[in-house]
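Worksheet for the structure shown next.
Given the structure is predicted, the values throughout are model-derived calculations rather than measurements.
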Amino acid sequence: YTVVEDEKAARKYDYNTTPDGEEGEITADPAECTFTNERSVGSIELEKIVSGSGKDNVGDFVFTITLTYEDDIDLAIANNKPTFSTTRAAIKSVNGNVVTIEAKLKNGEKVEIKNILVDTEYSIVETDYSSYGFLEPTITGENEGTIDEEGKKVEVSYENTREAGELNVKKVLDGNAADLGLDFTFTVTLTNENGVKIDGDYEAEGKYSKITFTKKTDTTATATFTLKGGEKVTITDIPAGTTYTVVEDEKAARKYDYNT
């Protein structure tokens, strides 16, 4: 006799079959054959860390996780697909034997991608946030590889660092005829040659709670505001590596006989 299990059908579920006694001769003693099917899974835990002196101006950091399964795995079967520890990750697409996952994580958040079949290859890619002033991420753990053993848990963290500083602008009047009631106009120009976005609203302290910079070129942005004598403004969270110029409207100041 011979006993054959339909291995192709078993492989659709990622079962590896080990037969014992699958062929032999019938005698007076009972014949026995055993087929052992083994199916093993592992997981990936992904963590997001944000550091540096600058504020987190992204919030949700987006990751693309690609899982490449063996060719004979049927991904139309729900139990073959990965599951997730939180709703911060979900399957984006299934194309042949490739599953694409999108995860959105804030600073300090983690997601575990579970039920990944053994022998599945994986890769993790984070969206580029250099235009927000973040440096290249520091990756701890293997962001690509293979789930190659039962119960394997791959732990990967991405740490993105953003450094920033502030600019203080103060108006000082001198002389025995200074008028503290006059408004003086200033224009601040920010320049960043590293592709970092510098236009938009900046939190401020002092006379103003917000200063808005308007884009002038691909690398420059400007803001205009007024200060009276004794007033100042601190513009915060300017990306590190940004250069600046501050210009006072001297023509307006000269109308009142002020030398700047």
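When the side chains of ILVMFWY residues are joined at heavy-atom separations under 4.5 Å, either directly or via intervening members, Leu135 and Phe61 end up in two distinct hydrophobic clusters. Under the 4.5 Å side-chain heavy-atom criterion for Ile, Leu, Val, Met, Phe, Trp and Tyr, Val62 and Ile124 are members of the same hydrophobic cluster. Ile49 and Tyr132 are assigned to two separate hydrophobic clusters, defined by single-linkage of ILVMFWY side chains at heavy-atom distances under 4.5 Å. The hydrophobic clustering, which links ILVMFWY residues whose side-chain heavy atoms are closer than 4.5 Å, places Val111 and Val125 apart.
Side-chain contact between Asn97 and Ile73 is absent, with no heavy-atom pair separated by less than 4.5 Å. When side chains are defined from C-beta on, Thr127 does not count as touching Phe63, because their heavy atoms never get closer than 4.5 Å. Contact of the Val154 side chain with the Ile147 side chain is registered, since non-hydrogen atoms from C-beta on lie closer than 4.5 Å. Side-chain contact check for Val58 versus Phe134: some heavy-atom pair is nearer than 4.5 Å. Two residues are said to be in side-chain contact when any heavy atoms from C-beta on lie closer than 4.5 Å; Thr120 and Thr68 fail this criterion. Within the 4.5 Å cutoff, the side chain of Leu67 has no heavy atoms near those of the Val98 side chain.
Taking every heavy atom of both residues into account, Val196 and Ser130 meet most closely at CG2-O, 3.6 Å. Taking every heavy atom of both residues into account, Ile101 and Ala89 meet most closely at CG2-CB, 4.4 Å. Between Thr189 and Thr222, the shortest heavy-atom distance links the atoms OG1-CG2, 3.4 Å. Across every non-hydrogen atom of Ile139 and Asn143, the tightest pair is CD1-ND2, 3.8 Å. Listed here is the closest heavy atom pair of Thr226 and Tyr208: O-OH, 2.7 Å. Asp237 approaches Gly54 most closely through the heavy-atom pair OD1-CA, 3.4 Å.
Using a 4.0 Å cut-off between charged side-chain N and carboxylate O, Asp60 and Arg88 make a salt bridge. Under the 4.0 Å criterion applied to side-chain N and carboxylate O atoms, Glu45 and Lys153 are assigned as salt-bridge partners. For the pair Lys171 and Glu231, the salt-bridge criterion is not met [side-chain N within less than 4.0 Å of a carboxylate O].
Within a 6.0 Å sphere centred on OH of Tyr129, other residues, nucleotides and ligands contribute more than 12 heavy atoms. The number of heavy atoms from other shown groups lying within 6.0 Å of NZ (Lys228) is above 12. Within a 6.0 Å sphere centred on OH of Tyr244, other residues, nucleotides and ligands contribute 12 heavy atoms or fewer. For Lys104, the NZ atom sits in a loose shell: 12 or fewer heavy atoms of surrounding residues, nucleotides or ligands are nearer than 6.0 Å.
Between the side chains of Thr212 and Asp201, at least one donor N or O lies within less than 3.5 Å of an accepting N or O. In the model, Ser53 has a side-chain atom that pairs as donor or acceptor with a side-chain atom of Glu163 under 3.5 Å. Between the side chains of Asp56 and Asn107, no donor N or O sits under 3.5 Å from an acceptor N or O. A donor-acceptor contact closer than 3.5 angstrom links the side chains of Glu112 and Ser43. At a cut-off of 3.5 Å, with distance as the only test, a side-chain donor of Ser51 or Glu159 sits close to an acceptor on the other residue.
Here the two rings, on Phe184 and Phe225, have centers that are 6.0 Å apart or farther. Ring centroid separation for the pair Phe213 and Tyr202 comes in under the 6.0 Å cut-off.
Formation of a donor-acceptor pair under 3.5 Å by the Thr146 side chain with backbone atoms of Glu121 is not found in this model. Under the 3.5 Å distance criterion, the side-chain polar atoms of Lys197 are matched with a main-chain donor or acceptor of Asp199. No side-chain donor-acceptor contact under 3.5 Å links Asn168 to the backbone of Thr234.
For the side-chain hydrogen bond (donor to acceptor under 3.5 Å, both in side chains) with Thr242, the lone residue among Asn192, Asn194, Thr219 that qualifies is Asn192. The only option from Val246, Thr224, Thr245, Asp249 that meets the side-chain contact (heavy atoms from CB on, under 4.5 Å) definition with Thr187 turns out to be Thr224.
Applying the side chain to side chain donor-acceptor pair (under 3.5 Å) rule to pairs touching residues 23-34 yields nothing, sequence neighbours excluded.
One finds the OG atom of Ser123 at 6.5 Å from the CD atom of Glu144 (value rounded to the nearest 0.5 Å). Interatomic distance, OG1 of Thr191 versus CD1 of Ile198, reported as 6.0 Å (0.5 Å rounding). Between Glu203 atom CD and Glu166 atom CD the span is 11.5 Å, to the nearest 0.5 Å. Distance check, rounded to the nearest 0.5 Å: CG of Asn80 to CG of Asn115 gives 8.0 Å.
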